[in-house]
S.K.: 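First the structure, then my questions, so here it is.
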Amino acid sequence: MPELPEVETVVRGLQSVLSGRTIVSVRLGKTDFIKDPVAVAELLPGRKVEKVERLGKFIRLQLRSGATAKNPEQGLDLLVHLGMTGWLGVRRPEDPVPPHTHVFFELENGRELRYTDIRRFGQMFLSPSEGIGRFGERLGKEPLEISAADFQTRLAGRRARIKAVLLNQHVLRGIGNIYADESLWQARIHPARLATRLSVEELRRLRMAIRNVLRHAIEDRGSSISNFVDAEGKPGEYQQRHRAYGREGKPCFRCGTKIKRTIVAGRSSHFCPHCQRPPRTGRGRRA
DNA sequence: AGCTCTTCCTGAAAGC
DNA sequence: TGCTTTCAGGAAGAGC
């Protein structure tokens, strides 16, 4: 499932093949995950992809139209969220089209930018480039960029369980269920702890764990769970380094205790019951 | 404010 | 064996 490292992997793959390319035409299949499909179909042809970047779990394609004296350049961005099963990549038109491919952008160099999404939990929408600042602010901070001081104040004020806080894209952007569990395991913090009860030292440890986990995951080109593959179709390898996620019943890499799985904040959560001590008022579990 | 539950969707895996 | 049910989860919205 695409989280920050997977989206970063896709974005890096897209940059080389998509930057400078112009969209010639648009073909759409199912459109229930697109906010304004008519606008996508009508406004994108003729626009050039200037830049590809990641905003949390969103992929941002910065598009520019051919500016004339009469028509000053109107910056437009296409934002794509891969949801659970989304894939975005460039193919040749003659390449086989996987099932559930719903968006085709024909490019001027004869290639095709395609969007495939089995479950259609993804999102696609347009935004004026000027509005992207406000969009980014609502999203919370990049976990690899946030300062230690900012991290402390943002998280310490939260009364929710730390797992819920990590998944909240308005606090930090880009962390999903896998990397929340992996980071909490590395920081030795139980997912059901209340964020506001974490010590300064624990918050420091958590920030470092998040940075460490995300950086290694990016190096490994993400985790291939749910058939994730990058923009070229290559799987990631970080799933081989998971220490908590998906390891229920297997020994903890630190102490050998069996990893447990419970529901915290409505999400399946994996942790070591020995290294990650539950809160005193311990709840937040269910069979 | 933040919790739980529900909805969206499909395919894999578990259950019978 | 083969059909049915459950589960997975990112995000948003309802209701409490």
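Throughout, a chain's letter reflects where its sequence line sits, starting with A, and its residues are numbered from 1.
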S.K.: Only one of A:T153, A:I189, A:L155 passes side-chain contact (heavy atoms from CB on, under 4.5 Å) with A:L203; say which it is.
M.R.: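 Per the side-chain contact (heavy atoms from CB on, under 4.5 Å) rule, the option paired with A:L203 is A:L155, out of A:T153, A:I189, A:L155.
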
S.K.: If you look only at distance, which donor and acceptor atoms sit under 3.5 Å apart when one is on a side chain in residues 91-99 of chain A and the other is two or more places apart or in another chain?
M.R.:
from  : atom 1 : to     : atom 2 : distance (Å)
A:R91 : NH2    : A:E232 : O      : 2.7
A:D95 : OD2    : A:R92  : N      : 2.8

S.K.: Need one value for A:D117: base, sugar-phosphate or nothing, where a base atom within 4.0 Å counts as base even if backbone is also close, heavy atoms only.
M.R.: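 Touches nothing.
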
S.K.: Check the distance between B:dG2's C1' and A:L167's CG and give it to me in whole angstrom.
M.R.: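 Taking atom C1' of B:dG2 as the reference, CG of A:L167 is at 14 Å.
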
S.K.: Just the rounded figure in Å: distance from P of B:dT4 to CD1 of A:I263.
M.R.: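 Nearest whole value for this atom pair: 10 Å.
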
S.K.: How many Å lie between CG on A:L82 and C1' on B:dC9, as a whole number?
M.R.: 16 Å

S.K.: Which part of the nucleic acid, if any, lies within reach of A:R267 when heavy atoms closer than 4.0 Å are counted: base, sugar-phosphate only, or nothing?
M.R.: base

S.K.: Could you give the angle between the helix axes at the two ends of the helix from B:dG2-C:dC16 to B:dC16-C:dG2, with five pairs per end, rounded to 10 degrees?
M.R.: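 What I find for the helix from B:dG2-C:dC16 to B:dC16-C:dG2 is an axis angle of 50°.
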
S.K.: Only counting residues at least two apart or in another chain, list the ones meeting side chain to side chain donor-acceptor pair (under 3.5 Å) with A:Y115.
M.R.: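 Here the qualifying residues are A:D117.
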
S.K.: Taking only side-chain N and O atoms of A:K30, does any of them lie within less than 4.0 angstrom of OP1 or OP2 on B:dT10?
M.R.: yes

S.K.: Considering residues at least two apart in sequence or located in another chain, which fulfil the side chain to side chain donor-acceptor pair (under 3.5 Å) criterion with A:Q186?
M.R.: A:N212

S.K.: Of all the choices, B:dC3, B:dC9, B:dA1, which nucleotide is nearest to the side chain of A:A160 once you look at every atom?
M.R.: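 Of the options given, the side chain of A:A160 lies nearest B:dC3.
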
S.K.: Does A:H100 have a side-chain nitrogen or oxygen under 4.0 Å from the phosphate oxygens OP1 or OP2 of B:dG11?
M.R.: yes

S.K.: Using whole Å, report how far OH of A:Y115 lies from P of B:dC9.
M.R.: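 That distance rounds to 14 Å.
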
S.K.: Quickly work out the A:R120 CZ to B:dG11 P distance and round it to whole Å.
M.R.: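 In whole Å, B:dG11 P and A:R120 CZ are 10 Å from each other.
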
S.K.: When you check the gap from the basic side-chain N to the acidic O, do A:E182 and A:R241 get nearer than 4.0 Å?
M.R.: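 Answer for the salt bridge query: no.
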
S.K.: Under a 4.0 Å threshold between the charged nitrogen and the carboxylate oxygen, would A:R134 count as salt-bridged to A:E137?
M.R.: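 Salt bridge between A:E137 and A:R134, a charged N being under 4.0 Å from a carboxylate O: no.
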
S.K.: Tell me whether the OP1 or OP2 atom of B:dC8 has a side-chain N or O from A:R119 closer than 4.0 Å.
M.R.: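 The answer is no; no side-chain N or O of A:R119 sits under 4.0 Å from OP1 or OP2.
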
S.K.: Is A:R120 positioned over the aromatic face of A:F33, cation under 6.0 angstrom from the ring centre and no more than 45 degrees off axis?
M.R.: no

S.K.: If you only use heavy atoms from C-beta on, which nucleotide in B:dC8, B:dG2, B:dT10 is closest to the side chain of A:I118?
M.R.: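 The nucleotide sitting nearest to the side chain is B:dT10.
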
S.K.: Go through the structure and list residues passing ring pair (Phe, Tyr, Trp, His ring centres under 6.0 Å) with A:H102, not counting sequence neighbours.
M.R.: none

S.K.: Quick check for you: name the first and last nucleotides of DNA chain C, 5' to 3', having an atom under 4.0 Å from a heavy atom of chain A.
M.R.: C:dA8 to C:dA11

S.K.: Answer with base, sugar-phosphate or nothing: what part of the nucleic acid does A:Y245 contact at a heavy-atom distance below 4.0 Å?
M.R.: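 A:Y245: backbone/sugar contact only, no base atoms under 4.0 Å.
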
S.K.: Please examine the side chains of A:F135 and A:D77, heavy atoms only from C-beta on, and report whether any two atoms are closer than 4.5 Å.
M.R.: no

